[in-house]
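Below: the structure, in structure tokens.
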Amino acid sequence: MKLLTTPAEALEWSRRQHREGRTIGLVPTMGALHHGHLALVDDAAERTDSVCVSIFVNPLQFNEGADFDSYPRPIDEDLAACEKAGVDAVYAPTGRAMYSSAFETRVVPGTLAEQMEGAMRPGHFEGVTTVVTKLFTALRPDVAVFGQKDFQQLVIVRRLVADLDLGVEIIGHPIERDPDGLAMSSRNLRLTPEQRAAAVCVPRSLDAATAAARAGGTPDQVVQAAVDVVAAEPLARHEYTTVFDPRTLREVDQVTDGLRVATAVWFGDIRLIDNRDLT
Ligand code: PAF
């Protein structure tokens, strides 16, 4: 497994793969790899010849310094997991290699970044689109695999690729869940055992929302069903739940086929997100 630490090394590796006739699958991550990430790696491996995992905790997409500082960075375990999973290359640049002291260019997303996570975390998606553009530029992947847990991110990245003609096929991999239904996330590692037990209210709230939608509820009733489940859990603090159109990401005023529901819930200083198809 090759370890790449600068954009120049990444580009050289990428050029070599293409020169030798191999397609590249990229799994962009911020590390603290779990089974969910490894499922993305398997997905990429089925579609392409050479798989690269990028590991970079991107400061541009964090709103709070404390969240950035406390983000888990178990790089040795991550490299071992990649090696075991048969990954061909890991791109793990330093902050300075990604953002020089003169760095000032940003890729600015449009209206898709205005609601849900974008409304709660100003500037977050600008950080994501900027770093994803840099990763794509350095690694020139044919395919990139993103998890559907960050559903808004997936939609924005698809728009980014289409708008800037980046020529990367974007795959949205279904959410990987623990046996009790909690969506796998690197942030789960920071939950105390009590918070981890309480966090099952997040997928359950989406189950309640789905049941309310199937029973013919209005969007407000669907949201309320989810809110009630979270409100019954003392360790949880509800932030938002929304019923939205997956193409526009806009809130809807009527429940129809093909909609999704998304939520964000806090446990102490840890914020978990989840979403699912309402039908
Ligand atoms: O989903 C993530 O882990 C990050 O937002 C990404 C896509 C790696 C960009 O930093």
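In each ligand, atom 1 is the first atom listed, and ligand 1 is the first ligand listed. Values below: every heavy atom of this structure, side chains too, minus hydrogens, waters and symmetry copies.
Exactly one residue among D49, D142, T48 makes a side-chain hydrogen bond (donor to acceptor under 3.5 Å, both in side chains) with T23. That residue is D49.
Under a 4.5 Å side-chain heavy-atom criterion applied to ILVMFWY residues, the cluster that includes W266 comprises that residue alone. Grouped by direct or indirect side-chain proximity (heavy atoms under 4.5 Å, Ile/Leu/Val/Met/Phe/Trp/Tyr only), M184 sits alone. Through chains of ILVMFWY side-chain contacts below 4.5 Å, L278 is grouped with L206, V222, V223, V227, V243, V252, V255, L259, V261.
When side chains are defined from C-beta on, L249 counts as touching F151, because their heavy atoms get closer than 4.5 Å.
Looking at D220 and Q224, their side chains never bring a donor and an acceptor atom within 3.5 Å of each other.
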Write none if no such pair exists; otherwise list each N/O atom of ligand 1 with its protein N/O partner under 3.5 Å and the distance.
{"from": "ligand 1", "atom 1": "1 (O)", "to": "Q153", "atom 2": "NE2", "distance (Å)": "2.8"}
{"from": "ligand 1", "atom 1": "5 (O)", "to": "Q61", "atom 2": "NE2", "distance (Å)": "2.9"}
{"from": "ligand 1", "atom 1": "5 (O)", "to": "Q153", "atom 2": "OE1", "distance (Å)": "2.6"}
{"from": "ligand 1", "atom 1": "10 (O)", "to": "Q61", "atom 2": "OE1", "distance (Å)": "2.6"}

